[in-house]
Amino acid sequence: MTDEQRPSMAVIDLVSRATGVDPLELEPLYDVIDPDVLDTICRADGFSSLEFTYAGRTVALQAISEGVEITLDGGTQQGTETLGFAETESSD
């Protein structure tokens, strides 16, 4: 999985763009939720949704047919991002 496909990285990027704060200046995501768990749970069979607060914003992740939709609410700007998980693992 590339950084662009990781829900944890997408959350940081979306919050950064919505707040106008550099990603390196945001509070660490791991203070709110374990990024590895976030990345793993979003790809797990049976995942439907997850909601948490990060940097004063409500972050919602919802399973959709193409992958995961991430929405951001709170403050003056809102945002949405969709991550597709259509890649297949290559066999050596």
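As the structure is a prediction and not an experimental result, all values here were calculated from the model. Heads up: numbering here begins at 1 and tracks the sequence. Atom set for the values below is all heavy atoms of this structure, side chains included, hydrogens, waters and symmetry mates excluded.
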Does any part of the side chain of Val32, heavy atoms only, come nearer than 4.5 Å to the side chain of Glu27, both counted from C-beta? yes
Residues in side chain to side chain contact (heavy atoms under 4.5 Å, CB included) contact with Val21, at least two apart in sequence or another chain: Thr19, Glu25, Leu26
Closer than 4.0 angstrom, basic N to acidic O: yes or no for Asp39 and Arg43? no
Tell me, please, which residues at least two apart from Glu51 pass side chain to side chain contact (heavy atoms under 4.5 Å, CB included). Thr58, Ala60
Could you report the tightest heavy-atom contact between Leu61 and Phe47, atom names first, then the distance? O-CZ, 3.8 Å
Is there a path of hydrophobic side-chain contacts, each under 4.5 Å between heavy atoms, that joins Phe52 and Val15? yes
Determine the minimum heavy-atom distance between Ser49 and Gln62, stating which atoms define it. CB-OE1, 3.5 Å
For Cys42 versus Val68, what's the shortest heavy-atom pair and its separation? O-CG2, 3.8 Å
Please name all residues satisfying side chain to side chain contact (heavy atoms under 4.5 Å, CB included) with Asp34, sequence neighbours left out, ordered by chain then number. Asp36, Val37
Flag side-chain contact, heavy atom, 4.5 Å: Val59 against Ile70: yes
Nearest 0.5 angstrom please: Thr40 OG1 to Arg6 CZ, how far? 8.5 Å
Is there a side-chain contact between Tyr54 and Leu72 in this structure, where contact means two heavy atoms from C-beta onward sitting under 4.5 Å apart? no
Nearest heavy-atom neighbours spanning Leu38 and Ser8: CD2-CA, 3.7 Å
